[in-house]
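Here's the structure we're looking at; comments come further down.
Remember, it's 1-based here, ligands and their atoms both numbered in the order they're listed.
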Amino acid sequence: MARITIVGGGVIGLSIAYECQKRGHDMTIVEAEECGGQASGAAAGMLAPYSEIEEDPDDFFRLCQRSLQLFPAWQNEIKLAAQVDFEYNESGSLYCIFHEADRLSLETKKAWQEKFGVESYLLSGNDIREKEPELSQEIVAGLWCPEESHIYAPDYVSALLQACRNTGVRVIEHAGEATLGDDNVVLAEHYEIEADYTVIATGAWTMNWEEKLGCSLPVYPIRGQICAYEGPSLQHIIFTSQGYLVAKENGSLVAGASEDIAGFNTDITAHGIGRLEKWSKKIVPKLIKETPFHTWAGLRPATQDGFPLIGRLQHNPKIILATGHYRNGILLSPVTAKIIADEIEGKAQELAIDDFRPERFQLT
Ligand SMILES: Cc1cc2nc3c(=O)[nH]c(=O)nc-3n(C[C@H](O)[C@H](O)[C@H](O)COP(=O)(O)OP(=O)(O)OC[C@H]3O[C@@H](n4cnc5c(N)ncnc54)[C@H](O)[C@@H]3O)c2cc1C
């Protein structure tokens with residue numbers, strides 16, 4: 001049994017804490033403010049790697065696919081451990097195109113993903129509207145991915161926190177910005193926590209650790225602005241090249257999301273939300289007279305090469321990083337938790353994780 005401190009109580013820190021506590025370790029989470037109060041609580045909750053990843057297959061695609069496969073059992077386990085329910089919807093997705101010229105890229109994506117066992121169907125515009133009658137007549141074709149799903153992220157994160165508490169994780173919120181002292185002791189306001197391992201799961205704030213950890217950690221905040229309408233209800237996640245729509249059980253239709261460079265500013269801008277409005281109305285013409293009833297933003301942790309930072313530091317093996325999940329942190333929460341728990345226990349990894357090693361950005 002190891003004593004493990006996790007710095008950062010977002011979806012990644014909470015998932016790791018739950019998984020490790022379940023395996024018998026003694027877990028503490030130190031969160032500067034409130035658990036789930038940053039990117040994790042702001043997310044649209046899509047578990048949609050096949051729509052998100054356009055490029056060729058790589059170990060990141062495999063990581064995302066594995067996490068999607070883990071999700072049905074994982075979310076069930078979290079519900080049982082937390083003794084609360086949250087929305088998990090195996091809705092499938094429709095990736096819609098407005099121009100014939102984009103058909104080739106859909107076909108190409110379908111072809112390479114099929115080799116990985118992904119189920120998908122190329123549909124005509126009319127077939128798409130048969131599945132979703134509210135969608136625009138301008139949509140000429142689309143890719144239906146029945147395996148993609150979504151959850152209600154704020155409730156999922158609250159349930160993870162409750163699952164941690166119920167299983168005995170010590171959760172310290174409002175601790176201020178924690179840092180590291182000598183011998184890897186975690187220092188926070190009013191706390192000095194000794195541990196065998198420390199996991200840094202600080203999302204968009206990870207660059208602050210560069211000096212302390214003595215290595216380059218190029219993780220940048222990318223603001224995502226997002227909004228919600230009251231209905232109409234859609235059965236599938238709807239993707240386009242410029243944005244997505246996802247209908248939640250509570251009657252809201254979430255439209256996302258911008259990708260802005262704005263430092264650590266989480267303000268909403270008229271330009272950012274205006275662009276989302278324009279696109280949602282193009283996808284669902286019925287929204288033309290509607291105005292979003294809710295707007296918000298969060299900071300995605302983006303890395304220099306687009307891959308997360310997962311694993312221990314070679315030059316300080318008691319420090320483990322789990323950060324930089326950018327647009328897919330909700331999706332990647334179960335697989336990250338299992339990889340980090342296996343890494344701490346010295347178990348062989350089921351997936352190749354060398355591309356995600358945190359020290360890959362060093363010059364030497
Ligand atoms: C608008 C939007 C939509 C998104 N949609 C999706 C989606 O549909 N699907 C998906 O999979 N992903 C989505 N994402 C991405 C996802 O939200 C992130 O990848 C994920 O939440 C990152 O989780 P995290 O735990 O690393 O970071 P965070 O949730 O940001 O948590 C990091 C925590 O660390 C704390 N912290 C930082 N520094 C310190 C310190 N020194 N001491 C103590 N605590 C500290 C912070 O306070 C914070 O609570 C979306 C993101 C946004 C913004």
Check ligand 1 against [X] and write out every atom of the ligand that is under 4.0 Å from a heavy-atom position of the residue.
X: W209; value: 41 (N)
X: A201; value: 32 (C), 34 (O)
X: H325; value: 19 (O)
X: V30; value: 43 (C), 44 (N)
X: A32; value: 43 (C), 44 (N), 45 (C)
X: A43; value: 3 (C), 4 (C), 5 (N), 6 (C), 13 (C), 14 (N), 17 (O), 50 (C)
X: V7; value: 40 (C), 42 (N), 43 (C)
X: G203; value: 26 (O), 27 (O), 32 (C)

Hey, is ligand 1 close enough to [X] that some N/O pair sits below 3.5 Å?
X: G298; result: no
X: T323; result: no
X: R327; result: yes

If you take the nearest heavy atom of each of [options], which one is closest to [atom]?
atom: atom 41 (N) of ligand 1; options: S258, C35, A178; value: A178
atom: atom 2 (C) of ligand 1; options: G176, A42, G10; value: A42
atom: atom 25 (O) of ligand 1; options: I12, T179, I6; value: I12
atom: atom 8 (O) of ligand 1; options: K212, M46, H174, E259; value: M46

Give a yes/no on ligand 1: does [X] have at least one heavy atom closer than 4.0 angstrom to it?
X: V11; answer: yes
X: W296; answer: no
X: G37; answer: no
X: G45; answer: yes

Response to the item:
Heavy-atom nearest pair, V11 first then G329, reads CG1-O, 3.7 Å

Practice prompt. Please report the shortest heavy-atom distance between M27 and I6, naming the atom on each side.
Written response: CE-CD1, 3.6 Å

Can you find a pair of side-chain heavy atoms, one from [X] and one from [Y], that are under 4.5 Å apart?
X: K115; Y: P57; answer: no
X: Y50; Y: C64; answer: no
X: R62; Y: R66; answer: no
X: V171; Y: E31; answer: no
X: I320; Y: I200; answer: no
X: K338; Y: L70; answer: yes
X: D155; Y: E87; answer: no
X: R300; Y: P221; answer: no

Practice prompt. Compute the centroid of each ring, for F71 and then for Y156, and state whether the two points are separated by less than 6.0 Å.
Written response: yes

Discussion item. Just checking F307 against F60, ring centres under 6.0 Å apart?
Written reply: yes

Worksheet item: Applying the side chain to side chain contact (heavy atoms under 4.5 Å, CB included) test to I237, which of S93, S51, S149, C145 qualifies?
Response: S93

Practice prompt. Examine the proximity of ligand 1 to Q225 and report which part, side chain or backbone, both or neither, has a heavy atom under 4.0 Å away.
Written response: neither

Worksheet item: Should the proximity of I226 to ligand 1, defined as any heavy atom under 4.0 Å, be assigned to the side chain, the backbone, both, or neither?
Response: side chain

Worksheet entry | Residues clustered with I139, ILVMFWY side-chain links under 4.5 angstrom | L94, F98, Y121, L123, I128, L135, W144, Y229, L234, I238, L245, L253, W279, I283, V284, L287

Discussion item. Using the side chain to side chain donor-acceptor pair (under 3.5 Å) definition, which of the options T206, T202, T336 pairs with T323?
Written reply: T206

Protein heavy atom at shortest distance from [atom]:
atom: atom 1 (C) of ligand 1; value: G224 O, 3.5 Å
atom: atom 35 (C) of ligand 1; value: E31 OE1, 3.2 Å
atom: atom 29 (O) of ligand 1; value: S40 OG, 2.5 Å
atom: atom 51 (C) of ligand 1; value: R300 CG, 3.6 Å
atom: atom 11 (O) of ligand 1; value: L331 N, 2.9 Å
atom: atom 5 (N) of ligand 1; value: A44 N, 3.1 Å
atom: atom 19 (O) of ligand 1; value: Y326 O, 2.8 Å
atom: atom 36 (N) of ligand 1; value: T202 CG2, 4.0 Å

Item to complete: Answer yes or no: are there more than 12 heavy-atom neighbours, outside D267 itself, under 6.0 Å from its atom CG?
Response: yes

Worksheet item: What class does the angle between the rings of F116 and W112 fall in, given that below 30° is parallel, 30 to 60° is tilted and above 60° is perpendicular?
Response: perpendicular

